[in-house]
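Taking it in order: structure first as structure tokens, then the write-up.
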Amino acid sequence: MENLWDVKEAGKCSSDLELRVYSSNLLGQSDELVLHGGGNTSVKSIVNGEGILYVKGSGWDLASIKPEGFSPVKMSALLDMAELEELSDIDMVARQKSAMVDATAPNPSVEAILHALIPFKFVDHTHADAVVTISNSQNGDEYIENLFPHFLVVPYVMPGFLLAKKINEMTQNTDWDSCEGIILHNHGIFTFDNDAKNSYDKMIEAVTKAEEFLDKKAPLNIPYVEPTISCNIDRLKQLISNAKGQHIKIKMNQTQLALTYASKENIEEFATRGVLTPEHIIRTKHQPLIINNNNIEEAIEEYMEEYEEYFNHFASIDEVMLNPAPNYAVIKDFGVVIFGKTDKEVNIINDIVEHTMRAVLRADMLGGYDSISLEDSFNMEYWDLEQAKIRCNI
């Protein structure tokens with residue numbers, strides 16, 4: 001992982017917030033750290049004698065975020081929320097918004113409370129592919145503990161208040177000066193420091209360590225593969241459009257990565273093991289449509305029936321089922337096909353699927369790919385704070 005810090009460029013920053021914008025943009029330049037709005041950053045400052053957390057606002061991307069993309073929230077309010085036994089999403093959003101010192105700023109990240117809890121000025125959070133690939137392997141616990149002995153390692157917990165509460169409990173007696181960062185299993189990594197460059201450097205160093213481990217233990221060598229079957233793409237597009245109730249765009253992916261992925265035996269089990277990081281599920285659903293020598297119509301019908309069963313199994317009275325049609329397909333010995341409402345959406349889903357395919361192939365070399373559970377997947381897919389990103393076209 002290349003360190004992009006430029007001393008001259010950083011020297012042009014005249015405030016904590018400008019420096020925060022600069023280092024956030026650096027993190028956002030690598031899609032192996034953050035992908036399509038993933039990750040978040042913050043800086044703590046004093047405004048009119050009061051502690052304020054400037055945290056990435058919802059709807060902003062780290063690659064392009066500007067000062068106005070950060071939400072200024074009173075630290076005291078966030079720390080008070082961290083001590084609560086329970087806090088609903090609605091109340092959390094309302095309390096965070098009411099604690100902002102600029103009502104025109106975007107809503108704070110769902111991780112604002114956690115950022116406030118970490119007692120350092122600059123906090124960086126990414127969903128680094130290398131780190132998540134390792135933690136999404138069946139031996140991930142052991143690998144992560146050995147690679148990052150001085151990191152706080154947290155088992156998967158739903159993002160937002162529950163995650164902040166869990167980490168608050170785990171760190172009651174923590175010597176933060178000896179803590180080099182936080183690894184969230186199946187989710188991502190935090191680094192932090194009172195100096196922006198040091199926090200950024202720690203992120204790059206940690207991710208580089210994970211990348212070097214993967215290069216040694218799970219090198220990704222993609223063989224040359226030819227598609228060996230044909231597929232009636234026009235028919236597939238029409239059937240998916242009918243299932244979704246609207247005209248769709250498609251993108252065919254027949255890269256060597258996609259062809260290697262689609263050529264695997266037992267494709268029904270191989271390609272349906274879940275998302276790389278939880279927030280991806282709002283784009284991809286838990287798994288793709290699999291077409292393997294079966295009738296396309298029947299495959300789509302079976303997928304939608306299974307999705308409805310998944311919904312009915314985990315839903316409470318509050319959820320309304322999303323459209324059960326798939327968002328992408330893996331076609332045995334042909335490749336991957338992405339479905340979306342717009343060209344932008346299919347490109348976003350394709351990027352996420354490509355990162356996931358690489359991770360699955362590498363995690364299998366570490367003992368097997370192992371994502372979050374179906375129940376955790378459902379909770380993320382139907383979490384209103386995630387669905388809001390789709391409604392806002394983020």
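Within 6.0 Å of the NZ atom in K264, the count of heavy atoms belonging to other residues, nucleotides or ligands does not exceed 12. Counting heavy atoms of neighbouring residues, nucleotides and ligands inside a 6.0 Å radius, atom CD of Q246 exceeds 12 of them. The environment of CD1 in I46 is crowded: more than 12 heavy-atom neighbours from other residues, nucleotides or ligands sit within 6.0 Å. Dense packing is recorded around NZ of K97, with more than 12 heavy atoms of other residues, nucleotides or ligands lying under 6.0 Å away. Taking a 6.0 Å sphere around CD of E142, one finds it holds 12 or fewer heavy atoms contributed by other residues, nucleotides or ligands.
Judged by distance alone, with hydrogens and angles left aside, the side-chain atoms of N25 form a donor-acceptor pair with the main-chain N or O of I65 at under 3.5 Å. Put simply, the side chain of K44 gets close to the backbone of I118: a donor and an acceptor are under 3.5 Å apart. Remark: the backbone N or O of L19 is paired with a side-chain donor or acceptor of S23 at under 3.5 angstrom. With hydrogens and angles ignored, the 3.5 Å screen pairs no side-chain donor or acceptor of E83 with any backbone N or O of D80. Side-chain N or O atoms of T174 include none that pairs as donor or acceptor with a backbone N or O of W176 at under 3.5 Å.
Contact annotation: the side chain of K332 approaches that of E265 to within less than 4.5 Å [non-hydrogen atoms, C-beta and beyond]. Side-chain contact between I167 and V154 is present, with heavy atoms from C-beta onward closer than 4.5 Å. For the pair Q254 and P227, the minimum side-chain heavy-atom distance is below 4.5 Å. The shortest distance between side-chain heavy atoms of F70 and T41 falls below 4.5 Å. Annotation: side chain of F314 is not in contact with side chain of Y382 (no heavy-atom distance under 4.5 Å). With contacts defined as side-chain heavy-atom distances shorter than 4.5 Å, the pair Q256/L259 qualifies.
A side chain to side chain donor-acceptor pair (under 3.5 Å) with N327 is found for exactly one of Q287, E345, K244, namely K244. Considering D215, D129, T133 in turn, D215 is the only one that fulfils the side chain to side chain donor-acceptor pair (under 3.5 Å) rule with R362. Under the ring-ring contact (aromatic ring centres under 6.0 Å, His included) rule, F192 has a single partner from F151, Y200, F120, which is F120.
Using a 3.5 Å distance cut-off with no hydrogens or angles, the side chains of N40 and H125 do not pair a donor with an acceptor. For the residue pair Q172 / N168, a side-chain donor-acceptor distance below 3.5 Å is found, with atom types taken as modelled. Side-chain contact of N186 with N136: a donor-acceptor pair under 3.5 Å is present, judged by distance alone. With hydrogens and angles left out, the side-chain atoms of Y310 and E381 include a donor and acceptor closer than 3.5 Å. The closest side-chain donor-acceptor pair between D376 and S373 falls under 3.5 angstrom. Side-chain atoms of T272 and E269 form no donor-acceptor pair, as typed in the model, at a separation below 3.5 Å. Side-chain contact of E375 with N379: a donor-acceptor pair under 3.5 Å is absent, judged by distance alone. Side-chain atoms of D89 and W383 include a donor-acceptor pair closer than 3.5 Å. Side-chain N/O atoms of T255 and N253 include a donor and acceptor closer than 3.5 Å.
For D91 and R95, the salt-bridge test fails: no basic side-chain N is under 4.0 Å from an acidic carboxylate O. Taking 4.0 Å as the cut-off between side-chain N and carboxylate O, E169 and K165 count as a salt-bridged pair. A salt bridge is absent between R273 and D370; no separation between the charged side-chain nitrogens and carboxylate oxygens falls under 4.0 Å. With salt bridges taken as basic N to acidic carboxylate O contacts below 4.0 Å, none links K12 and E18.
Criterion: ILVMFWY side-chain heavy atoms under 4.5 Å apart, direct or through other members. Under it, I352 and L276 are not part of a common hydrophobic cluster. Cluster membership for V353 and I233, using ILVMFWY side-chain heavy atoms within less than 4.5 angstrom, is not shared. Transitive grouping of hydrophobic side chains (ILVMFWY, heavy atoms separated by less than 4.5 Å) keeps I349 and I282 in distinct clusters. I290 and I250 end up in different hydrophobic clusters when Ile, Leu, Val, Met, Phe, Trp and Tyr side chains are linked at under 4.5 Å. Linking Ile, Leu, Val, Met, Phe, Trp and Tyr residues whenever their side-chain heavy atoms come within less than 4.5 Å places I372 and V157 in a single cluster.
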Given salt bridge (charged side-chain N to carboxylate O under 4.0 Å, His left out), test R20 with D124 step by step and report yes or no.
-> CA-CA 10 Å; R20 175 70 284 176; D124 297 340; 2.6 Å; yes
Can you check side chain to side chain donor-acceptor pair (under 3.5 Å) on E305 and Y303, steps first, answer last?
-> CA-CA 5 Å; E305 288 174 353; Y303 181 97; over 6 Å; no
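Cation-pi check for K285 over Y307 is met; the charged atom lies under 6.0 angstrom from the ring centroid and within 45 degrees of its normal.
The heavy-atom pair separating P288 from A329 by the smallest distance is CB-CA, 4.3 Å. Pairing each heavy atom of T260 with each of I222, the nearest pair is OG1-CG2, 3.4 Å. Scanning both residues, M92 and L87, for their nearest heavy atoms gives CB-CD2, 3.7 Å. Closest of all the heavy-atom pairs between K251 and N350 is CE-ND2, 3.5 Å. Of all the heavy atoms in V34 and L27, the pair that sits closest is CG2-O, 3.7 Å.
Aromatic pair F190/H115: ring centres closer than 6.0 Å.
Note that the CD1 atom of I134 and the CG atom of D141 stand 12.5 Å from one another [nearest 0.5 Å].
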